[in-house]
Trainee: 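One structure, pasted below without further comment.
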Amino acid sequence: MSLLLRDVVVEGRLVDVRMSGGKIAAIDRPIDPQLGDDIVDGGRGALLPGLHDHHIHLVALAAAERSPFVGPPAVNDDDQFTTALRQADTTLGQGEWLRAIGYHESVSGPLDRWRLDALVAARPVRVQHRSGAEWVLNSRALDVVGLDGGEPHDDRPGVERDDAGRLTGRLRGLDHWLRDRLPPPPAPDLAPVGRRLSRYGVTGVTDATPVMSTDDLAPLAAAVATGDLPQRITVTGGPRLSAVAPPAPLARGPVKLIVADYAPPTLAELVRWIGVAHEAGRPVAIHCVTRPGLALALAAWDEAGVLAGDRIEHGSLVPPDLRSRVATHGLVVVTQPGFVLERGDRYLSEVHPGDLPHLYPCRSLIEAGIPVGGSTDAPFGHPDPWRAIATAIERRTVDGAPLGLREAVAPERALALFLTAPDAPGGMLRRVTVGAPADLCLLDAPLSRVLEEPSSSHVALTLHEGVIGPRN
Ligand SMILES: [Zn+2]
């Protein structure tokens, strides 16, 4: 399988690029085609390394393609929320679960079982909060998972009750517990996810789900094998899988550790988890979204020591005092600029004004010498990395309000967030060179023009190991 891409611009130079055996075989101009070469006209567009999304959740993204999204910016008020749920209700078979995601209080206030019952009572319904940490179940769903009964017999932490001792339907931090009580989900169809990411020029992702069993990774491995996912996939996995190799051809990334604001681990626990990962030769990726969360993680690193590649996921709030400690430790930050766009308006009304300038920082980290990688955190953020790139430059919310303008970065720097290797977010840029994997993203215009208004609509072609990716 070989392909000759004619008239493309690589690092400012007009060239032809020949690919063979999944790698870039030649870069020159002109290159004479060899027997059997497919020839594609590059239209003088910029040819980049394919984008790598450093933090995504593929199975959840596949599930999200089937579940209505019921939060801003798509759903903003009670009417829209009601419509979205009722519409989804009509598309499902009898007794099937209705699953919705992305809810936020700003849509229609705090959600509980009774609110959901009023909308859909006849089938089990569960709605995930935008944070990903909370589900709200209607009464039918509480019954199905065995929680019903108004009695406070189950004192499981995370199951909320009101002052009268009644279940509110809100379950926090109980994802795994809940999943064990749900009917087995239909096998995730990852092909639409693979197609969609390919359309965005994405040739690699790091799946940052803290899975607890290698069985959870099997669908990803299978989807890569069948070609449903043409991307290169690096996986994390939770602390229990520290010493376990993922099924081929998945690559092993850092161990994912969660410092949740609702139920943080103790310092000793976190130190132990880091130690176990490091002993297995693996860096850790610690989820930190609050100031106390980051402070706890840094305290744990003080004790456990740092391994090259250790990273902070999100770094949603990095004030100057903690920033210098992140830099001193040599830690990497994997950020989601897209949240400034998608969630910025809420942040502006909810976050303490003193913290606003330090939300989803980028430039201040880079200036402090901290490597910064980019990601979408889809399905919690929109999976299009070009939206994140545009927002890293603009720092504007959906409503157009500026948020943390001093954290804006230059267009090339914003693009670079997605051009580093899976094992070194924010490190050396991958390049289009002879011998490199032919994982490439061809744009329909010169790079400088695309970066004036970054958008995935400029992706003309994506190549996965020299093979043209699915187009829609
Ligand atoms: Zn995530």
Side-chain angles (χ1 to χ4, degrees), residues 1-19 22-31 33 37-53 192-205 229-232 337-338 341 374-376 378 382-394 409-420 429-434 436-472:
M1 188 86 196
S2 52
L3 189 143
L4 178 60
L5 195 51
R6 278 196 160 137
D7 287 344
V8 293
V9 177
V10 172
E11 297 177 7
R13 215 158 52 97
L14 184 64
V15 292
D16 299 342
V17 176
R18 187 165 182 278
M19 291 154 241
K23 294 197 183 316
I24 298 175
I27 302 177
D28 211 335
R29 188 158 198 271
I31 295 178
D37 277 358
D38 284 330
I39 301 176
V40 175
D41 178 12
R44 300 189 166 229
L47 184 67
L48 311 175
L51 275 57
H52 187 91
D53 189 329
V193 171
R195 283 198 297 273
R196 189 201 266 259
L197 296 179
S198 194
R199 219 164 56 223
Y200 299 149
V202 173
T203 57
V205 301
L229 281 178
Q231 288 79 17
R232 278 173 209 274
L341 175 77
S375 65
T376 65
H382 194 284
D384 183 350
W386 294 92
R387 284 171 50 130
I389 290 165
T391 306
I393 302 164
E394 301 276 334
V409 294
E412 290 76 13
R413 198 65 197 71
L415 173 63
L417 296 171
F418 291 89
L419 293 184
T420 51
L429 294 189
R430 287 173 293 122
R431 293 183 55 202
V432 179
T433 52
V434 173
D439 292 350
L440 301 163
C441 169
L442 175 67
L443 303 177
D444 66 358
L447 184 57
S448 57
R449 252 221 359 257
V450 171
L451 288 180
E452 280 169 21
E453 220 166 318
S455 152
S456 54
S457 65
H458 288 294
V459 175
L461 208 62
T462 303
L463 292 146
H464 306 274
E465 297 189 78
V467 177
I468 294 174
R471 296 297 296 138
N472 51 52

Trainee: State the CG-CG distance between Leu447 and Leu48, to the nearest 0.5 angstrom.
Mentor: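 Those atoms lie 5.5 Å apart.
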Trainee: Looking at every non-hydrogen atom in both residues, tell me the closest pair between Ala414 and Ile393 and how far apart they are.
Mentor: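 For Ala414 versus Ile393, the nearest heavy atoms are CB-CG1, 3.6 Å.
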Trainee: What residues, two or more places apart in sequence or in another chain, satisfy side chain to side chain contact (heavy atoms under 4.5 Å, CB included) together with Arg387?
Mentor: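 Scan of Arg387 (side chain to side chain contact (heavy atoms under 4.5 Å, CB included), adjacent residues dropped) gives Leu341, Glu342, His382, Asp384.
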Trainee: Provide the closest heavy-atom pair for Val432 versus Leu47 in the form atom of the first, atom of the second, distance.
Mentor: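 Minimum heavy-atom separation between Val432 and Leu47: CG2-O, 3.7 Å.
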Trainee: How many angstroms lie between atom OG1 of Thr203 and atom CG of Leu51, to the nearest 0.5 angstrom?
Mentor: 7.0 Å
Trainee: Applying ring pair (Phe, Tyr, Trp, His ring centres under 6.0 Å), name anything that partners His464, two or more places apart in sequence or on another chain.
Mentor: none
Trainee: So which atom in Pro49 and which in Arg430 form the shortest heavy-atom distance, rounded to 0.1 Å?
Mentor: CG-O, 3.2 Å
Trainee: Sequence neighbours left out, what passes side-chain hydrogen bond (donor to acceptor under 3.5 Å, both in side chains) with Ser375? Give chain and number order.
Mentor: Gln336
Trainee: Is Pro454 close to Pro411 at the side-chain level, that is, under 4.5 Å between some pair of heavy atoms?
Mentor: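 No - every pair of side-chain heavy atoms lies 4.5 Å or more apart.
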Trainee: Strictly by side-chain hydrogen bond (donor to acceptor under 3.5 Å, both in side chains), give each pair with a member in residues 4-15 just once, sequence neighbours left out.
Mentor: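 Qualifying pairs: Asp7-Arg29, Glu11-Arg431.
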Trainee: Do the side chains of Cys441 and Val459 get nearer than 4.5 Å, heavy atoms only?
Mentor: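 With C-beta onward as the side chain, the pair touches.
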Trainee: Quick one: CG on Leu442 to CZ on Arg44, what's the gap to the nearest 0.5 Å?
Mentor: 13.5 Å
Trainee: State the OG-CH2 distance between Ser455 and Trp386, to the nearest 0.5 angstrom.
Mentor: 8.5 Å
Trainee: Just verifying a value: how many Å separate Leu451 CG and Ile389 CD1, rounded to the nearest 0.5 Å?
Mentor: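 Going from the CG atom of Leu451 to the CD1 atom of Ile389 covers 8.0 Å.
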Trainee: For Glu465 and Arg232, what are the C-alpha separation, side-chain angles and deciding distance, and is it a side-chain contact (heavy atoms from CB on, under 4.5 Å)?
Mentor: CA-CA 9 Å; Glu465 297 189 78; Arg232 278 173 209 274; 3.4 Å; yes
Trainee: For Ser198, does its backbone N or O pair with a side-chain atom of Thr462 as donor and acceptor, under 3.5 Å?
Mentor: yes
Trainee: Please give me the minimum heavy-atom distance between Ala416 and Leu429, naming the atom from each residue.
Mentor: CB-CD2, 3.6 Å
Trainee: Please find the pair of heavy atoms, one from Met19 and one from Ala438, that lie closest to each other, and give the distance.
Mentor: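 Taking every non-hydrogen atom into account, CG-CB, 3.6 Å.
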Trainee: Taking all atoms of both residues into account, what is the closest heavy-atom pair of Phe418 and Ala388, and its distance?
Mentor: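 Closest heavy-atom pair between Phe418 and Ala388: CZ-CB, 3.9 Å.
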Trainee: Check the pair Val8, Val10 against side-chain contact (heavy atoms from CB on, under 4.5 Å), reporting the backbone distance first and the verdict last.
Mentor: CA-CA 6 Å; Val8 293; Val10 172; 4.3 Å; yes
Trainee: Return the CD1 to CG distance between Ile468 and Asp38, rounded to the nearest 0.5 Å.
Mentor: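 Reported to 0.5 Å precision, the distance equals 7.0 Å.
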Trainee: In a check of side-chain contact (heavy atoms from CB on, under 4.5 Å) between Arg18 and each of Ile31, Ile24, Leu5, Asp28, which one passes?
Mentor: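 With Arg18 as partner, side-chain contact (heavy atoms from CB on, under 4.5 Å) holds for just one option, Ile31.
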Trainee: What residue pairs, at least two apart or across chains, pass salt bridge (Lys or Arg N to Asp or Glu O under 4.0 Å) with a residue in residues 441-453?
Mentor: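 Non-adjacent pairs meeting salt bridge (Lys or Arg N to Asp or Glu O under 4.0 Å): zero.
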Trainee: Apply side-chain contact (heavy atoms from CB on, under 4.5 Å) to Leu197 and Asp53, showing your working.
Mentor: CA-CA 10 Å; Leu197 296 179; Asp53 189 329; 5.6 Å; no
Trainee: Does the side-chain contact (heavy atoms from CB on, under 4.5 Å) test come out yes or no for Leu463 and Leu3, once each step is laid out?
Mentor: CA-CA 10 Å; Leu463 292 146; Leu3 189 143; 4.2 Å; yes
Trainee: Are Pro446 and Val9 close enough that some pair of their side-chain heavy atoms sits under 4.5 Å apart?
Mentor: no
Trainee: Can you name the side chain to side chain contact (heavy atoms under 4.5 Å, CB included) partners of Glu394, sequence neighbours left out?
Mentor: Arg396
